[in-house]
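For reference, the structure is listed below as structure tokens.
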Amino acid sequence: MGIRTHSCGQIRESDIGATVTLNGWVNAFRGHGSGLIFVDMRDRDGITQVVFDSEDAPAELIEAGDRLRNEDCISVTGVVRERAKKNDKIPTGSIEVLASELQVLSKTKKLPFVPSDEKNLPAEETRLKYRYLDLRRADMQKILKTRHRLTKLTRDYFDEHGFLEIETPMLCRSTPEGARDFLVPSRQQEGMWYALPQSPQLFKQILMIAGCDRYLQIVRCFRDEDPRADRQAEFTQIDLELAFVDRDAVLEIMEGFAKKIWKEIMGVELGEFPRMTFQEAMDTYGSDRPDTRFELKLVDVSEIAGKTDFGVFQNALGLNKGCVKAFRVPGVAEKFSRKVTDGFSKFAEDFGAGGIPTTKYVNGGFEGGIGKFLGDVQDELVAALGLEDGDAVVFAADTYGVVSRSLGELRLKIAKDFDLIPEGMWNFLWVYDFPMFEYVEDAGRYHALHHPFTAPSDYEVERLLSADAKDIDMVESIVSDGYDMICNGSEIGGGSIRIHRADVQAKVFELLGLSEEEAKLKFSFLMDALSYGAPPHGGIAFGLDRLVMHMCGTENIREVIAFPKTMTGQDLMCEAPNVVDDEQLDELHVRSTATVSS
């Protein structure tokens, strides 16, 4: 093999006259049948046109060139010359290489798909099975480069801010809170099990207690939950923790990080991040991760709705925490057909709503839908919603939670369906002041809205310590010191100030329904550590995969992971998971009860 002197995306006009050696793959082949062959040669950096010309090369070289086909792996040596017909679409489009030597390093067999043919890509299952071919595509190489650059910038930025990169264990203790753990049987400790970490949460808190002050880790995490478009069971976090800080100090550093990577990778200057309380986000957007690139703000019209004789409104207002909310959709009245609005009700069923009433504001009055019930309150609704002629109105009437969820999701759907989201806009914000607890009726217990180690806001500590679990309204009103970074309606980072007092942590466990014995069993090492001079500390974890998704403009997390799993958790390329033999299971002191077909 000729040792390459340049990459296929590196040569420029300044190299004209130089002899170069390129290594790579045949991206495209064009034979003209007259002793003139053009090959687009590709590596991860780009494409260079290589020419085999019978006027300048021996017959055996032309014959060898004529046998090349897409994805053959080759090495070419030749002289760089000016290209007669330039290609402005690629950086190397003003030059070409006149081949004088060719080595076929490896021939390819019949391809399941051609990586360079972006218009005719196969189904995702085929791409995942032949992932090594899929990753050759220029788009996939760009994603891998973006991911690499992001991790490098991450390490550089946090190194400049005094963080130490410290690894935490992959085999740890199972603490079944939230998602299911992936379990690993122990060979040496019969009947005992490790768990793969859902996050390094407890370990990074231990590192703060250990005096490490500022911690960073780009870490693999595992949650045995069903994948979706933006979630994999195996994923990567940018994990961070700081000692002797308050919320503002954490937010300032993390906001600086986001600004740095968006400027360096995207070429975008981000302004100051607005801050919004959890309650404001839910009231106005129906979501704790609001997309603020477009309006469609929710307005509580309960008082106005109560003046109508529309039964749906009246029934909702009679419920505990019942309300009626609405939002204006500007200028789309003509597009709000019965078929469209029926689709809204169908969509909202998944979020608990019994239906989505709608109407249009046309020619100074309400038309269609529930318009006939709104005559007496027309002026009040117009003023409350800021309606203009040609607008449509979407309502929801139920409990506060159902209304918020259904309208929050519906505003996103309508914004997409009616092209109301501006292109090229990056809207970041912080959401903070989350409730610490949420009471789950079916389970008859509270769960932590962030996680059990999130501290209450400073002014809430004494109220927390005196809280009675039976007083649901009071417990649900306790505000935590948690915060999320939101980008275009997606949570890209979440964290909190942590509990650093043993008595506060014990009270949180008590409210979550953990007895003192259960708390010791699951978290004894943390409780012990908190009693040895724990500093105030807090941190955050960014979803590295989600950051890359935003930067590369994809909504599919599998696009930004080199070797992802399918929606059923399979690796189609290496055929995992797989059956193991009884001898392996015996060594691990376990036995499978499943029946697996061969």
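Counting from 1, the numbers follow the sequence of the chain as shown.
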Distance-only donor-acceptor check, side chains Asn556 and Glu124, under 3.5 Å: yes
Salt bridge Asp433-Arg275, side-chain N to carboxylate O under 4.0 Å: no
Lys413 to Phe347 six-membered ring, cation-pi geometry met (6.0 Å, 45°): yes
Pairing of Glu71 and Arg42 as salt bridge, 4.0 angstrom limit: yes
Atom NZ of Lys86: over 12 foreign heavy atoms under 6.0 Å: yes
Salt-bridge present (Arg127, Glu559; N to O < 4.0 Å): yes
Side-chain H-bond candidate by donor/acceptor type, Thr21 with Thr77, under 3.5 Å: yes
Glu118, CD atom: more than 12 neighbouring heavy atoms under 6.0 Å: yes
Side-chain (Arg44) to main-chain (Lys145) donor-acceptor, under 3.5 angstrom: no
Donor-acceptor under 3.5 Å (Thr284 side chain, Ala281 main chain): no
Heavy-atom closest contact (Leu429 atom, Phe273 atom, distance): CA-CB, 4.3 Å
Thr154 and Leu216, any side-chain heavy atoms less than 4.5 Å apart: yes
Flag if over 12 foreign heavy atoms under 6.0 Å of CG, Asp458: no
Pair Phe336 and Phe344, ring centroids less than 6.0 Å apart: yes
Side chain to side chain contact (heavy atoms under 4.5 Å, CB included) between Asn427 and Asp291, worked out: CA-CA 8 Å; Asn427 274 25; Asp291 192 333; 5.5 Å; no
Thr168-Gln217 side chain donor-acceptor pair, cut-off 3.5 Å: yes
Side chains of Thr568 and Gln570, donor plus acceptor under 3.5 Å: yes
is_close_aromatic(Phe453, His451), centroid dist under 6.0 Å: yes
Heavy atoms from other residues, nucleotides or ligands near CG of Asp248 exceed 12 (cutoff 6.0 Å): yes
Residue His161 excluded, over 12 heavy atoms near NE2 under 6.0 Å: yes
Whether Arg131 side chain and Ala562 backbone form a donor-acceptor pair below 3.5 Å: yes
Asp72 versus Thr108, side-chain donor and acceptor atoms under 3.5 Å: no
Donor-acceptor under 3.5 Å (Arg147 side chain, Val560 main chain): yes
Validation row: Glu388, Arg328 side chains within 4.5 angstrom (heavy atoms): yes
Electrostatic pair Arg180:Glu225 at N-O distance under 4.0 angstrom: no
Non-hydrogen atoms of Leu298 and Arg411 that approach each other most closely: CD1-CD, 4.0 Å
Pair Asp545 + Arg231: basic N to acidic O under 4.0 Å: no
Main-chain N/O of Phe351 paired with Ser406 side-chain donor or acceptor, under 3.5 Å: no
